Amino acid sequence: MKHTDYFKNFLDNTVNLPQWKVDLLSSRVDSIYQCLKDDQELKPLIKKKIPQGSWPQRTIIKPVNGNAFDGDFMIQMVEDPDWADDLKKYGNAIYNVLHKTSPYKGMPHGRKCRCVYVNYAENAMHVDIVPFVLRADGTQWIINRDDNKWERTDTDGFTEWMKTKDAIANKRLREVIRIMKFLRDHKNSWTGTKSILVTTLLGERVESWRKVLDNGYYGDLPTALLHIVSDLDEWLQDRPTKPTIMDPSGSGTSFDHRWTQETYAHFRNRIHAHAAEIKAAYDEEDFDESVKKWQTLFGEGFKAPKGSGSSSGSSGSTKFSSVSSAGAAVSASTVKHSGRAG
């Protein structure tokens, strides 16, 4: 059964990052950017900032067990020919300003392969800052400091691709991605697979021709979840060897470096198991048994909204559930993970 009101409550109160935290992220990004612009040496090198990843794509989730969530943003910098042989200087220029400026100098901060990061109090949030350059031909390039090389990217193109796919899926794709990211963290599944790969693989399974054959293919959230995950499972089962996954924005960049054959095989096996669990819960005709199966998959957060004990089943009928969140059979083990998207 579908239990569409349970799904809405689950998204609103368990999966989605609260709006006040999204607003806090935006405010902190603005503050970091202002700090960088206020530096007299760095200011001439900075042109603008662009939100990146799950934040602009609206697939950011509330982390499990109160862990940190993160937001990424890109900073466009002027390309300096004097730095061509040492690309680390782009990230170092950003790091050095934060390292000497309050309050960031007193906060955990550092450099990773493609970004500079800042961690906030009690590890409640961290922000990744990705320097990039925009060349005359309109292409965007970020820096791989480990390999000292440029990498092509197109963050706006990826976001537009996501919007197109979400529209095909009747605005359900983003919700499905959030739910699957929550499932990853809640069940400690496929933790070696980056969120950008999960997002791309789920999005690529959304196709307009499916709605020609079945207009209700993405008709509501549980149905879209069933179909998108089942279609991904079928695609993965046809590919025992790690496939090449290209950036769907058309940048020409491959995501192959983001996982291995081992992590791919684990992801493939876990999606196969979860697809079967989703189908079993969806197809279950007994109301309470269906709720139990969904709760076994998603945990106690999957429950009726406050003040309502009813849920719509696949036939559209409603009834009161005798299954309480406290009494639900939940087999999941929860492990701390962040709400990363990329």
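Bear in mind that the values here come from a model prediction, so they are computed numbers and not experimental data.
Using a distance-only test at 3.5 Å, with no hydrogens or angles considered, a donor-acceptor pair links the side chain of Asp166 to the main chain of Arg174. With Thr253 contributing its side chain and Arg152 its backbone, the two residues share a donor-acceptor pair below 3.5 Å. Although no hydrogens or angles enter the test, the distance criterion places no donor-acceptor pair under 3.5 Å between the side chain of Asp247 and the main chain of Gly250. Not one N or O on the side chain of Lys47 forms a donor-acceptor pair closer than 3.5 Å with the backbone of Gln76. The backbone N or O of Ser27 sits less than 3.5 Å from a side-chain atom of Ser31, completing a donor-acceptor pair. Thr159 places a side-chain N or O within donor-acceptor distance of the main-chain N or O of Thr155, the cut-off being under 3.5 Å. Between the side chain of Thr164 and the main chain of Glu160, a donor-acceptor pair closer than 3.5 Å is present. A distance-only check finds no donor-acceptor pair linking the side chain of Arg210 to the backbone of Val206 [under 3.5 Å]. In this structure a side-chain-to-backbone donor-acceptor pair under 3.5 Å is missing from Asp72 to Gln52. Looking only at distances, a side-chain donor or acceptor of Asn269 sits under 3.5 Å from a matching main-chain atom of Ala265.
Side-chain contact check for Met77 versus Lys48: every heavy-atom pair is 4.5 Å or farther apart. A 4.5 Å side-chain heavy-atom check between Val15 and Lys62 finds every atom pair outside the cut-off.
Connectivity analysis of hydrophobic side chains (ILVMFWY, heavy atoms under 4.5 Å, direct or indirect) links Trp209 to Leu213. Through direct or indirect side-chain contacts shorter than 4.5 Å among Ile, Leu, Val, Met, Phe, Trp and Tyr, Phe132 is connected to Ile50, Met74, Val130, Leu134, Ile142.
Donor-acceptor pairing under 3.5 Å is recorded for the side chains of Thr223 and Tyr282. In summary, the side chains of Thr139 and Trp141 do present a donor paired with an acceptor at a separation below 3.5 Å, with no hydrogens or angles considered. Side-chain contact annotation: Tyr217 with Asp231, donor-acceptor N/O pair under 3.5 Å present. Side-chain polar atoms of Lys303 and Asn13 form no donor-acceptor pair below 3.5 angstrom.
In this structure, CE on Met107 lies 12.0 Å from NE2 on His126, to the nearest 0.5 angstrom. Taking OG1 of Thr59 as the start and CD1 of Ile196 as the end, the distance is 8.5 Å to the nearest 0.5 Å.
One finds no salt bridge joining Asp220 and Arg172 here, because no Lys/Arg side-chain nitrogen approaches an Asp/Glu carboxylate oxygen to under 4.0 Å. Classification of Lys8 and Asp12 as a salt-bridged pair holds, one side-chain N sitting under 4.0 Å from a carboxylate O. A salt bridge is absent between Lys43 and Asp39: the closest approach of a Lys/Arg side-chain nitrogen to an acidic carboxylate oxygen does not fall below 4.0 angstrom. Classification of Asp86 and Lys88 as a salt-bridged pair holds, one side-chain N sitting under 4.0 Å from a carboxylate O. A salt bridge is defined here as a Lys NZ or Arg NE, NH1 or NH2 lying under 4.0 Å from an Asp or Glu carboxylate O, and Glu151 with Arg114 meets this definition. A salt bridge links Arg135 and Glu79; the closest N-O separation between the charged side-chain nitrogens and carboxylate oxygens is under 4.0 Å.
Under the 4.5 Å side-chain heavy-atom criterion for ILVMFWY residues, a single connected hydrophobic cluster contains both Trp235 and Trp161. Residues Tyr117 and Ile94 are members of separate hydrophobic clusters, defined by side-chain heavy-atom contacts under 4.5 angstrom among Ile, Leu, Val, Met, Phe, Trp and Tyr. Residues Val229 and Ile245 fall within the same hydrophobic cluster, defined by Ile, Leu, Val, Met, Phe, Trp and Tyr side chains chained together at heavy-atom separations under 4.5 Å. Val212 and Tyr218 are members of different hydrophobic clusters when ILVMFWY side chains are connected at heavy-atom separations under 4.5 Å. Placement of Trp55 and Tyr33 within a single hydrophobic cluster is found when ILVMFWY residues are connected by side-chain heavy-atom separations under 4.5 Å, directly or transitively.
Aromatic ring centres of Tyr95 and His109: separated by under 6.0 Å. Aromatic rings of Trp190 and Tyr264 (six-membered ring for Trp) have centroids beyond the 6.0 Å cut-off, not under it.
Tested against Trp294 for a ring-ring contact (aromatic ring centres under 6.0 Å, His included), the candidates Phe7, Phe287, Phe10 yield a single pass: Phe7. For the side-chain contact (heavy atoms from CB on, under 4.5 Å) with Ile271, the qualifying choice from Met180, His266, Gln237 is Met180, the only one to do so.
For residues 13-30, every residue pair satisfying the salt bridge (Lys or Arg N to Asp or Glu O under 4.0 Å) rule, not counting sequence neighbours, is listed here: Asp30-Lys49.
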Mind running side-chain hydrogen bond (donor to acceptor under 3.5 Å, both in side chains) on Lys211 and Asn170 for me, showing each step along the way?
-> CA-CA 10 Å; Lys211 294 169 67 175; Asn170 298 337; 3.0 Å; yes
May I have the step-by-step check of side-chain hydrogen bond (donor to acceptor under 3.5 Å, both in side chains) for Thr193 and Arg184, ending in yes or no?
-> CA-CA 10 Å; Thr193 299; Arg184 170 200 62 193; over 6 Å; no
